[in-house]
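Some notes on the structure that comes next.
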Amino acid sequence: MTLRQIAVIGAGTMGSGIAQTCAAAGHDLLLIDISEQALERGLHAMQKNLDRQVGKGTLTCQQATDTLQRIRTSTHHTDLNDRDMVIEAATENFALKCSILQQIATHVRPDCLIASNTSSLSITELATSINRPERFMGIHFFNPVPVMGLVELIRGLQTSDTTCFIAQALAEQLGKTAIHTQNRPGFIVNRILIPMINEAIFVLQENGDAQAIDASMRLGCNQPIGPLALADLIGLDTVLAILESLQTGFGDPKYRAAPLLREFVAAGFLGKKSGRGFHVYS
């Protein structure tokens, strides 16, 4: 099966990044969200990203224009009936994702592949939301999608070999390195990364100096970005959701979220996307 027409559900940070990446690779891309305002924000984010790439000389003006021209938007799931693949990129919430997957399955062709861009949720459990679970798997992109080279491919118990093969081929076409991982909470990257970020938040509770913590990890461990700044980039609500998924999935108290993280999320300080997290953004 050749994937030509792809849809992405969700025009947020991850959804718009996946849409841009697929369109840049030559795919006819349909971007769906619940409102025109959300779609406009997604298109604006893509325009800014493309302008940045043009400014850096990694993309020509014509390539940027062609990318946007391959993207159309909609607020209706009925428009999915001609898609070869649909990628769900909603917030990391199990009930929400199941609801969206059910809507997708109602409107796509029987041979359409469906994927979730989950960063921690069980693919086997999500697959029970659709009527053809053998054509469903996890494709976990990383933020920012146009820049990050890794994609985690996760199969559930129901996922067919053919579905995995096609997903692998898509990742390669998008210029990504695909790593196959077991269907375990957090998969590979987030199972290692998120507890490290959580520990940095515990340290912040004790000494209150976010700049010092991030500088220590940059200069002492050669990380390109400190753990608290990275948490802000990911979104503190997403970090919390992944920690809760890890603790629920493994039943291990070592994954308990730092109280300060919960407090920031409750206050709406979600990181870069809200203008304030552990750091302040203009």
Side-chain angles (χ1 to χ4, degrees), residues 3-56 58-59 61 63-93 96-97 99-101 103-104 107-108 112 114-119 138-148 151 170-171 174-176 232-239 241 268 270-275 277 281-282:
L3 300 178
R4 294 187 177 90
Q5 297 178 309
I6 296 176
V8 175
I9 310 297
T13 300
M14 294 305 297
S16 61
I18 295 168
Q20 176 187 326
T21 301
C22 290
H27 294 284
D28 177 310
L29 197 288
L30 173 65
L31 181 62
I32 292 181
D33 211 313
I34 59 173
S35 69
E36 293 293 345
Q37 292 79 5
L39 291 167
E40 288 173 7
R41 287 193 296 269
L43 289 172
H44 179 66
M46 283 186 269
Q47 183 69 70
K48 287 180 63 177
N49 288 337
L50 291 167
D51 288 345
R52 189 179 302 112
Q53 288 178 274
V54 171
K56 291 181 178 179
T58 59
L59 205 67
C61 289
Q63 287 172 321
T65 299
D66 291 345
T67 295
L68 287 176
Q69 287 180 343
R70 294 189 191 102
I71 300 171
R72 69 183 179 94
T73 62
S74 174
T75 57
H76 303 292
H77 286 83
T78 51
D79 291 334
L80 295 171
N81 57 8
D82 66 344
R83 298 292 102 178
D84 300 317
M85 183 175 197
V86 181
I87 302 172
E88 170 273 312
T91 303
E92 193 73 354
N93 178 285
L96 175 63
K97 285 182 179 290
S99 175
I100 292 172
L101 290 171
Q103 294 180 61
I104 293 170
H107 297 291
V108 295
C112 177
I114 303 175
S116 175
N117 181 56
T118 178
S119 53
I139 304 180
H140 180 209
F141 293 85
F142 291 82
N143 184 34
V145 180
V147 176
M148 300 298 283
V151 170
L170 173 65
L174 299 180
K176 307 299 185 184
D232 284 348
L233 179 62
I234 294 169
L236 302 192
D237 51 341
T238 300
V239 172
L270 306 182
K272 201 165 186 179
K273 62 186 175 184
S274 69
Y281 304 87
S282 59

List the atom of [X], the atom of [Y], and the distance in Å for their closest heavy-atom pair.
X: Ala89; Y: Val8; result: CB-CG1, 4.3 Å
X: Ser74; Y: His76; result: OG-N, 2.9 Å
X: Leu236; Y: Gly277; result: CD1-CA, 4.2 Å
X: Ser16; Y: Gly42; result: CB-O, 3.8 Å
X: Met14; Y: Asn143; result: SD-CB, 3.6 Å
X: Ala23; Y: Ile71; result: CB-CG1, 3.6 Å

Which value, rounded to the nearest 0.5 Å, describes the distance between [X] atom [atom1] and [Y] atom [atom2]?
X: Leu43; Y: Arg41; atom1: CG; atom2: CZ; value: 11.5 Å
X: Leu68; Y: Leu29; atom1: CG; atom2: CG; value: 10.5 Å
X: Leu174; Y: Ile139; atom1: CG; atom2: CD1; value: 9.0 Å
X: Arg70; Y: Cys22; atom1: CZ; atom2: SG; value: 11.5 Å
X: Ser274; Y: Asp232; atom1: OG; atom2: CG; value: 8.0 Å
X: Ile32; Y: Ile9; atom1: CD1; atom2: CD1; value: 4.0 Å

Do [X] side-chain atoms and [Y] backbone N/O form a donor-acceptor pair below 3.5 Å?
X: Asp33; Y: Ala11; answer: yes
X: Thr91; Y: Asn93; answer: no
X: Thr58; Y: Gln53; answer: yes
X: Asp84; Y: Arg4; answer: yes
X: Asn117; Y: Phe141; answer: yes

Would you say the side chain of [Y] lies within less than 4.5 Å of the side chain of [X], judging by non-hydrogen atoms?
X: His44; Y: Glu40; answer: no
X: Lys273; Y: Asp237; answer: yes
X: Thr78; Y: His107; answer: yes
X: Val145; Y: Gln20; answer: no
X: Leu80; Y: Leu30; answer: yes
X: Thr75; Y: Glu36; answer: yes
X: Leu170; Y: His27; answer: yes
X: Val108; Y: His77; answer: no

Worksheet item: Tell me the salt bridge (charged side-chain N to carboxylate O under 4.0 Å, His left out) pairs involving residues 11-21, sequence neighbours left out?
Response: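 Matches after skipping sequence neighbours: none remain.
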
Worksheet item: In this structure, are over 12 heavy atoms from other groups packed under 6.0 Å from Lys272 atom NZ?
Response: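 Result for NZ/Lys272: open.
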
Discussion item. Check this for me: Leu96, atom CG, are more than 12 non-hydrogen atoms of other residues, nucleotides or ligands nearer than 6.0 Å?
Written reply: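 Yes - once you tally the heavy atoms of other residues, nucleotides and ligands closer than 6.0 Å, there are more than 12.
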
Practice prompt. Determine the sole option in His140, Glu92, Lys97 for which the side chain to side chain donor-acceptor pair (under 3.5 Å) test with Thr118 is passed.
Written response: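 When His140, Glu92, Lys97 are each tested with Thr118, the side chain to side chain donor-acceptor pair (under 3.5 Å) holds only for Glu92.
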
Worksheet item: Going through the distances and angles, do Met46 and Thr67 end up as a side-chain contact (heavy atoms from CB on, under 4.5 Å)?
Response: CA-CA 10 Å; Met46 283 186 269; Thr67 295; over 6 Å; no

